[in-house]
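Chain A is the first sequence line, chain B the second, and so forth, proteins listed ahead of strands; every chain is numbered from 1.
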Amino acid sequence: MLTALIAIPALGALLVAFLPKGRDELAKLTALVVTLVVAVLAIAMAIGFDNGGPRFQFTEKYWWIKQFGVHYAVGVDGVALVLILLSVILVPLVVLASWNDAERSGGVEAPPKRSVKTYFALLLALEAMMIGVFAATDIFLFYVFFEAMLIPMYFIIGSYGGAQRSYAAVKFLLYSLFGGLLMLAAVITLYVQSANAGHGTFLFDELRNLHIEPTTAKWLFLGFFVAFAIKAPLVPFHTWLPDAAGQAPAGAAVLLVGVLDKVGTYGMLRFCLELFPGAAKWFTPVVLTLSVIGIVYGAVLAIGQIDIKRLIAYTSISHFGFITLGIFAMTTQGQTGATLYMVNHGFSTGALFLVAGFLIARRGSSRIDAFGGVQKVAPLLAGTFLVAGLSGLSLPGLSTFVSEFLVLVGTFTRYKVPAIIATSGIVLAAVYILWMYQRTMSGPPTEKVAGMRDLSKRELVVIAPVLVLLVVLGFYPKPALNMINPSVKQTMVKVEKHDPQPTIAEKGIRP
Amino acid sequence: MTNLLAEAGPQLHTQAATGMQSAAWLLIAFPLVGAAILLLGGRRTDKWGHLLGVAMSLASFVVGVLAFVQMLGQPGDGRTRLVHVYQWVSVGSFKADVNLLLDPLSISFVLLITGVGSLIHIYSIGYMSHDPDRRRFFAYLNLFVASMLLLVLADNYLGLYVGWEGVGLASYLLIGFWQHKPSAATAAKKAFIVNRVGDFGLSVAIMLMFVTFGSISFTDVFGHASEASHGTITAIGLLLLLGACGKSAQLPLQSWLLDAMEGPTPVSALIHAATMVTAGVYLVVRSHAIFELSSQARLLVTIVGAATLIAGALIGCAKDDIKKALAGSTMSQIGYMMLAAGIGKAGYVFAIAHLIAHGFFKAGLFLGAGSIMHGMNDDVDMRKYGGLRKVMPITFATFGLGYLAIIGFPFLSGWWTKDGIIDSAFEKGGTSGQILGWAALIGAGITAYYMSRVMFMTFFGEKRWEEDVHPHESPSVMTIPLILLAVGSVAGGAFLIAGDRFANFLAPVVGAPEAAHKLFTPYTIVVFVLMVVGVGIAYLQYLRRPVPRTAPAGSFPVVAARKDLYGDALNESLFMRPGQWLTRLTVYFDGRGVDGLVNGIAAFVGGTSGRVRRVQTGFVRSYALSMFFGAALIVGALLLVRI
């Protein structure tokens, strides 16, 4: 099942790439159909997922390179499953949203003519790798997907991005390669460790029970962690993201920030914590400090931006701070909240980038001061932008609130001061979102936006499902939480942490 | 302390709701569905959208009345009923369900919100009849009512928080309803952000409750409050107070309210009378079990209330904009309620009774102001009014009754409830009781002054109208709500306070006051005298002398009050400007510092910047391509090896 999910978009990518020249419409349609099929299959799989069953389901395991103990092993737990669902739901929407973007190349004026089919082939290849990276239960396989993922994204940014695209693409690649290199070293060392212990393996299940000497574990933890911290950008590894997201075409930015970056936080939860629980606990103060700095620092930077896409990218840096905070708080609420946060942030930021993309496509500029008074001429566009923005500031009733509050309450039970500082993020979020909305949407309609079209049917079809999901999961997050909870329990057992007891229960009833 | 809690015991015994009460979710569902239909339906619903909005609000009111009638049939200690709707969040031991709590306190709010809210809906049909976006306006009104109902009906703090922020959203949408006006957009944003500062306090309070009690439901928190340490309880109390200050526009988070006048006038009536600003008072009274355990937290509540009631009244004195004068008065009146809520057991009943009475007369006053503006081409400057009593007789009569009610004219609503607050402040005893009592007394005098000023400048004296203005009475769809609200302004207070009716009704929730309320005390006379003095000064200034059409320069206190006692200036110099400065600095630091370092290292590694540029133009791309094919080759080879 999972193999099919990886193979279908991969084959689709090949098919689209080898379509004859000039058949752009066919390429687009093929890409859409393939991604829809994948989405349906993945949703069917999610329905078949047994929340009370074994941790990893839909597992497949074959020898790949027997000499080195490398398996092709895939399987999903609740955490991986919700992230795969996030990916497969976003990709078809991105395909539809980017319908005319490849030709126009990210809103650059007088763009060079670009190959349309290559763009969609790259999107499909990216989807295959995204599913692969979440499904892999062999660490070497994970590493391969982790690195391979860079390549289609590099080409999308480098060929279809804005004016500064090559600088952004190179920065993105160099950063990621640097992290990947560290991780590769750690992966190999891990294998050597297991070989020394008698049984060389890359399988997650087996490595999970491997005893590693504490000092080595700390180094290995760092190897993985830095790679993930670059990917999910945690301050101070973040400067590639605003450039990459700002230059990428809006659709690709959705996948970059919405899904690709989640591999980083997912990796922390899955690998850093479970493979090196002792080291993870040792590094917790550092990570919490960086997270809190990231929350405030990212938010303040977002307030100061003058470019819509860069602004959204900085809000994400702030949000990634919340996610890492929740993961390393080592409480059930924190980690479940963080996982749900990954999903919600994917939809929420996805929605923001999508609407921003619609806006930019109309004006050919992503600067905030290129807009003003849009609400009067294009009310639907403004309305969807507002809802997406409200999800960015975690308004209760939208799904982002549930995850953010869980992260905060989960952190607070163990670390009060970081949680309180992080909570100040809700005020800053209101500032950056509402100020952006005010500058672009309200006020008297300016000449700049005169005659701006409201959302087309295609655009409405793209944005509506995301907003609906944000609302539905906000009022009824139970299905997602039920999937995530059992997996997080496993992680909690592995790091040997229990949720703190209420203080009144601890000291008993006061006389 | 412990016997205090024992007396408040009955609230801990909740029973499942039956009959009409088990359908209490309809209270929220009606307006919520209304909002959804109107927002999603788009222009198709333009023709009948406003009628749907009114119908949904009225339907909710009917459900509220039925639930109330059923409650009256239940014995006094069996009136706390729970409606389980569904499980919302459950992670580890953290649980938050969507449950509705029906008890005398929440039902009082339900009736106020839906009753006065419906009247405001009806009035808006007329007021907004010329606005092309009337449908959207009704959608937001419905959303407002739904959020506020969730706020007062939730049985746990997280559910309350959802309503709390929902109210914030609805106010944001309504204050900024005329988004094309930059001032409206700014005021809306300001309201939301200032409210978020308060929400910060409420959020942390909820977290602290979970850490302390392992639960955030009212039953668990209040039931175990006495087991927590005094410091924790005080901290929770202060954090809740911060939240209440944001929503109820109390010092130091008052600044948004005066700008919130940018919204259409019915919005002001809704925010100031039936919803939103009353939420803070509700929060404090609802959490009385916590405040009763911490005298420090209680004291701060009273100080905030007293300071705000004076500040609001002073601001009200200096405004020439009729809506802003009324806004200052709202701040001040909510200050009275806060003061009463902080006094404790003796004050709760008066806090809520004053809140309800205020709901009637302030809604009447604001809608009356809207009616005046309707006839005056939307001019809000009272210096251009004058002599309107003859052309707007119904507005004059209803506004006048609201005016008499708010200044505490004997036997009208405000007299019953405000005097109760003043008395209970003095009864508190000690120095603090004296200070609070006198603050409330002086506030009453100032209230009489500024409200008389509004009354005289608007309805009496010479006509000072602009030339193209032809004032006229508003249509009956607007005047009928005014008349109904005037009835409430006249009779509401007597209905609630006479014979301790409301005190007995609320007793199962907040406990009964120790002594029966005495209607006439020496302070009654002092209040009356101060009221007469206030009216008299206003009479001398604004009726005996002609009112100049341009405001005189004014002395320092007048200028200060006109500038909202420098609240905005303070915020600007303390937060906004340093914030902007910090933002710029951070952006610079991130660009030059962090990113500069990264680029510098890249340049260093590359040897010269020239080489880096070459790297960036083509070299790396071909490198990446070769890497991709290299990787593909390796993977292929590995696959072959396997086979």
Side-chain angles (χ1 to χ4, degrees), chain A residues 63-67 144 148 151 154 158 166-167 170 173-174 236 239 297 300-301 303-304 331-333 336-337 373 375-376 390 395-397 402 405-406 408-409 412-413 419-420 423-424 426-427 430-431 434-435 438 441-445 477-478 481 485 499-505 509-510, chain B residues 86-94 158 161-162 165-166 169 172 176 179-180 182 185-186 189 192-193 196-197 199-200 203-204 206-208 210-215 224 226-229 232 582-584 586-587 590 594-595 598 602 615-617 620-621 624 627-628 631 635 638-639 641-642:
Chain A
W63 276 115
W64 180 12
I65 318 165
K66 206 166 184 178
Q67 290 82 343
V144 169
I151 294 154
Y154 169 77
S166 12
Y167 171 73
V170 168
L173 192 71
L174 290 182
T239 58
Y297 186 72
V300 171
L301 279 170
I303 296 171
T331 56
T332 315
Q333 292 86 26
T336 305
Q375 186 268 337
K376 203 78 184 168
L390 291 173
L395 188 83
V402 178
F405 198 83
L406 282 174
L408 288 173
V409 84
F412 192 87
T413 52
I420 292 173
T423 309
S424 72
I426 69 169
V427 181
V431 176
L434 296 183
W435 198 33
Q438 187 188 356
M441 298 296 169
S442 58
K478 208 173 166 185
L481 288 175
N485 273 332
D499 289 341
Q501 287 291 306
T503 43
I504 55 162
I509 291 170
R510 204 172 52 166
Chain B
Y86 69 92
Q87 190 187 54
W88 181 35
V89 181
S90 168
V91 176
S93 54
F94 183 85
L158 201 65
Y161 188 72
V162 175
E165 287 248 312
L169 169 69
Y172 169 76
Q179 277 183 36
H180 52 90
T186 306
K189 185 187 66 183
F192 196 94
I193 291 170
R196 269 261 158 140
V197 176
D199 298 352
F200 166 83
S203 297
V204 178
I206 298 172
M207 292 175 216
L208 191 54
F210 177 69
V211 171
T212 312
F213 306 109
S215 167
H224 297 284
S226 58
E227 294 161 30
S229 74
T232 310
L582 178 75
T583 307
R584 266 185 236 128
T586 317
V587 172
D590 197 59
V594 182
D595 205 27
V598 169
V615 164
Q616 285 167 2
T617 43
V620 165
R621 193 179 306 157
M627 193 185 87
F628 178 70
V635 171
L638 291 175
L639 282 171
V641 170
R642 196 207 139 200

Open item on the list: Under a 4.5 Å cutoff for heavy-atom pairs, which residue among A:Gly443, A:Pro477, A:Ala430 has the most contacts with chain B?
Closed with: A:Gly443
Open item on the list: Is B:Thr232 in contact with chain A via its backbone, its side chain, both, or neither, using a 4.5 Å heavy-atom distance?
Closed with: neither
- [ ] Please answer whether the main-chain N or O of A:Gln375 pairs with a side-chain N or O of B:Gln179 as donor and acceptor at a distance below 3.5 Å.
- [x] no
TODO: Sort A:Leu481 into side chain, backbone, both or neither according to what part of it lies under 4.5 angstrom from a heavy atom of chain B.
DONE: side chain
Open item on the list: Quick one, A:Asp499 and A:Thr413 - any side-chain contact, counting heavy atoms below 4.5 Å?
Closed with: no
Open item on the list: With heavy-atom distances below 4.5 Å as the criterion, would you say the side chains of A:Thr423 and B:Met207 are in contact?
Closed with: yes
Open item on the list: Taking side chain as everything from C-beta outward and backbone as N, CA, C, O, which of these in A:Gln438 sits under 4.5 Å from a heavy atom of chain B? Side chain, backbone, both or neither.
Closed with: side chain
- [ ] Let me know if B:Tyr161 has heavy atoms under 4.5 Å from chain A in its side chain, its backbone, both or neither.
- [x] both
TODO: Heavy-atom distances under 4.5 Å only: say whether B:Ser93 touches chain A with side chain, backbone, both or neither.
DONE: both
Open item on the list: So B:Tyr172 and A:Leu434, do their side chains get closer than 4.5 Å, heavy atoms only?
Closed with: yes
TODO: Spell out, as yes or no, whether a donor-acceptor pair under 3.5 Å connects the side chain of B:Arg584 to the backbone of A:Gly304.
DONE: no
Task: Side-chain heavy atoms of B:Leu158 within contact of B:Phe210, under 4.5 Å - done: no
Open item on the list: Please classify the contact of A:Val402 with chain B as side chain, backbone, both or neither, using a heavy-atom distance under 4.5 Å.
Closed with: side chain
Open item on the list: If we define contacts as heavy-atom pairs under 4.5 Å, which of A:Ile426, A:Val300, A:Asn485, A:Ile420 has the most with chain B?
Closed with: A:Ile426
Open item on the list: Is A:Thr331 close to chain B through its backbone or its side chain, or both, or neither, when contacts mean heavy atoms under 4.5 Å?
Closed with: neither
Task: Side chain / backbone / both / neither for A:Leu406 at chain B, heavy atoms under 4.5 Å - done: side chain
Open item on the list: Less than 4.5 Å apart, side chain to side chain, heavy atoms only: is that true for A:Lys376 and A:Met441?
Closed with: no
